[in-house]
Every structure is written in structure tokens, then in C-alpha cells.
Amino acid sequence: IYSTGMSNGGFMSQTLACELSDKIAAIADVAGTMDVSRAPSCDAQHPTPVMMIHGTADETVPYDGSADFLPVEDVINYWVDFNGCNTSATFTEIPDIVTTDGCTAEHYVYGGCNNNVNVELFKIIDGGHTWPGTALTFLGVTNLDINACKEIWWFFTRYRLNELVAVNETTKLDNLIISPNPANDKIQITFGEKRITSIKIFDLQVKIIISEENLHSDTFVCDTHNFIPGIYFIKLGSNSVEISASFIKE
């Protein structure tokens, strides 16, 4: 699971990274930071990739912080320290492709972190409370030299939760076990002491790939060698409960 959002959505993403890290693979925070009280209580459980995108002229969530909000660079430093990253960043000045947008962009990458994560900052010089790359105008000028959506997508695609927490290739959900996950040629689904009576597997377009009814077993083996790489969703039924889960096909 990945979380991104702007302003309150950025604060939300930081909260998820602190409080629900067993589910969160990476976050991207646009025009948000942390509440002043958040860092002392943050309780992430694994190296956490974090990207922040923030304008220096943001008057809604000030880049340099306020009585309620931590400065952007304090939040970056928190994650750099937490992840054991190099304290000096690799700096890239983004080409000023759109000279009429009234702002420029700088990219800072803190590498050398635990489990190969990165902490990254896109610092939008003179940028406002905005989402770079969009035609929409929020509060202040919008940078058009980068596309925040693309940058966040490329950032997220580099990380998987099972690699960050260094677990074996098994996903557990209460009494449900899916192994291996990510899957190669097949997966085995075990439903603990309950009997699986039905199973459906969907792709991201909610197309049913496999549908089996009238099962009476605690284990189901699925051939996945013809599955296209990506994320798949499972819906399992028993006599008393229905459980949803997911797996990745490499």
C-alpha cells in the first residue's frame, strides 16, 4: 500500500507511515509536513521511502514551518535519520523548461539508506501551495518543470513492502496464508482451520481471472505462470466468513 496526497493528504500520508507502517510501503507528501507533535510519537517499524514536494512560498503550510507544523527540512531530516541515510544529498537542478510559471525546482536525494530506500525532496523555489505539473491553480504559482504524478509513480514503483521489512515470501492475514508472495509460477492459499468453499481472483481492472465454487479444502493451489505481472485480488469464501486479500505476480 502506498499513500500520497496534497496538504491534509500529505499530513495523512506522514501519519500512515508513522502509525500503520506494517501496511505502508512508501509515501509521497505534497505540500504537507508533520504536526509538531508527530515526530516524537512516530513509530514506523521498517525503513520507509519518503518523497516530499513543497514550495518555498507556500503560505498555507509554510516551508519553514509554523507553531503547528514542522519545517519541511526537519521532516526530511527525521526520515534521513530514521532510515540511516547519508546526511548529504545528491543535488540536481531541474531544467527550467517552462520559464513562465514563476518558479523553479531542485531535487535532493538522500541515499545509502537501510534496505536501499531513498528519502527525496523536490524543493519548488517560489512555488505555492500547489501540485506541480497540473493545470489547476490552487494557492500561489504552480511549477510546470516537473510532473508530481509521474515523479511519485516512479518513486513508488521501486519499493515493495516485503523487501522493506525483510520478511520471507509469505503474506499472512489472520488465518489466511498466501505463499509465495510475490508469486512466480504458482501460489498456495491456506485458510487455516476453515474450509475454502469458493475463490475468485481479479486483476486490477476487476476482471475475473479464476472463479471456483463448491470447494471443500483448507488449501487451494493456483497456477499463475500465465498471469501478467502486477497486482491481483483474491476473494475467499467459507461457510461462515468472506476474506479479501491480494498478491503480486512478478
Side-chain angles (χ1 to χ4, degrees), residues 1-6 9-10 12-30 44-51 53 115-118 120 131 133 147-192 194 196-213 215 218-238 241-250:
I1 299 173
Y2 307 84
S3 180
T4 187
M6 177 183 166
M12 176 195 73
S13 298
Q14 298 281 357
T15 299
L16 290 174
C18 290
E19 298 185 3
L20 201 67
S21 71
D22 61 324
K23 300 290 193 298
I24 301 298
I27 67 164
D29 171 354
V30 181
Q45 299 296 307
H46 61 77
T48 304
V50 173
M51 172 181 282
I53 303 173
N115 284 23
N116 298 314
V117 310
N118 276 351
E120 301 192 17
W131 185 283
N147 183 308
C149 296
K150 290 182 178 179
E151 297 295 343
I152 292 167
W153 174 252
W154 291 330
F155 184 69
F156 283 171
T157 58
R158 287 151 48 193
Y159 302 107
R160 290 181 178 174
L161 182 61
N162 68 320
E163 296 169 353
L164 298 171
V165 299
V167 299
N168 59 23
E169 294 183 338
T170 298
T171 294
K172 294 186 178 182
L173 177 63
D174 294 327
N175 58 348
L176 173 68
I177 299 176
I178 304 169
S179 181
N181 188 8
N184 291 315
D185 293 333
K186 68 178 182 179
I187 58 169
Q188 178 171 299
I189 302 167
T190 304
F191 205 19
K194 299 182 182 296
I196 298 171
T197 58
S198 66
I199 182 169
K200 291 183 180 180
I201 298 179
F202 307 83
D203 63 14
L204 281 174
Q205 284 71 49
V206 201
K207 177 183 176 183
I208 297 176
I209 306 300
I210 289 177
S211 179
E212 298 283 350
E213 303 286 344
L215 301 172
D218 60 2
T219 300
F220 182 83
V221 178
C222 176
D223 184 349
T224 58
H225 79 277
N226 286 328
F227 283 29
I228 296 171
I231 299 173
Y232 291 84
F233 302 99
I234 304 171
K235 182 171 287 188
L236 292 168
S238 76
V241 69
E242 185 175 83
I243 290 181
S244 297
S246 65
F247 70 93
I248 297 171
K249 171 62 169 66
E250 288 188 323

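Just so it is clear, the model here is predicted, and its values are computed rather than measured. Just so it is clear, the values below take in all heavy atoms, side chains as well, and ignore hydrogens, waters and symmetry mates.
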Heavy-atom pair with the smallest gap, counting every atom of Arg160 and Pro182: NH1-CG, 3.4 Å

Quick one, Ile228 and Asp203 - any side-chain contact, counting heavy atoms below 4.5 Å? no

Minimal non-hydrogen separation, Gln188 against Thr190, with atom names: NE2-OG1, 3.7 Å

How long is the span from the CD atom in Gln45 to the CG atom in Leu20, to the nearest 0.5 Å? 11.0 Å

Whether the side chain of Thr224 engages the backbone of Asp185 through a donor-acceptor N/O pair (distance < 3.5 Å, no angle test) should be reported. yes

Under 3.5 Å, is there a donor-acceptor pair between the side chain of Asn115 and the main chain of Glu163? yes

Do Met51 and Ile152 come close enough that some side-chain heavy atom pair is under 4.5 Å? yes

Going by salt bridge (Lys or Arg N to Asp or Glu O under 4.0 Å), name the residues that satisfy it together with Glu151, two or more places apart in sequence or in a different chain. none

How long is the span from the CG atom in Asn162 to the CG atom in Leu164, to the nearest 0.5 Å? 8.0 Å

Minimal non-hydrogen separation, Lys249 against Asn184, with atom names: CE-O, 2.8 Å

Okay, side chain of Ser13, backbone of Asp29: is any donor-acceptor separation there less than 3.5 Å? no

Under the 3.5 angstrom rule, does the side chain of Thr48 hit a backbone N or O of His46 as a donor-acceptor pair? yes

Using every non-hydrogen atom in the two residues, find where Thr4 and Ala28 come nearest and quote the distance to one decimal. OG1-O, 2.9 Å

Taking the six-membered ring for Trp, are Phe227 and Tyr232 parallel (under 30°), tilted (30 to 60°) or perpendicular (over 60°)? tilted

Say whether, by atom type as modelled, one donor and one acceptor occur between the side chain of Asn181 and the main chain of Ile248 under 3.5 angstrom. yes

Phe220 CZ to Glu212 CD distance, which is reported to the nearest 0.5 Å: 5.0 Å

Closest contact, heavy atoms only, Gly5 versus Trp131: C-CZ3, 4.1 Å

Hits for disulfide (SG to SG under 2.5 Å) against Cys222, two or more places apart or cross-chain, chain-then-number order -> none

Shortest non-hydrogen contact from Leu161 to Ser21? CD1-O, 3.9 Å

Check ring pair (Phe, Tyr, Trp, His ring centres under 6.0 Å) between Phe156 and all other residues, then give those that pass, not counting sequence neighbours. Tyr2

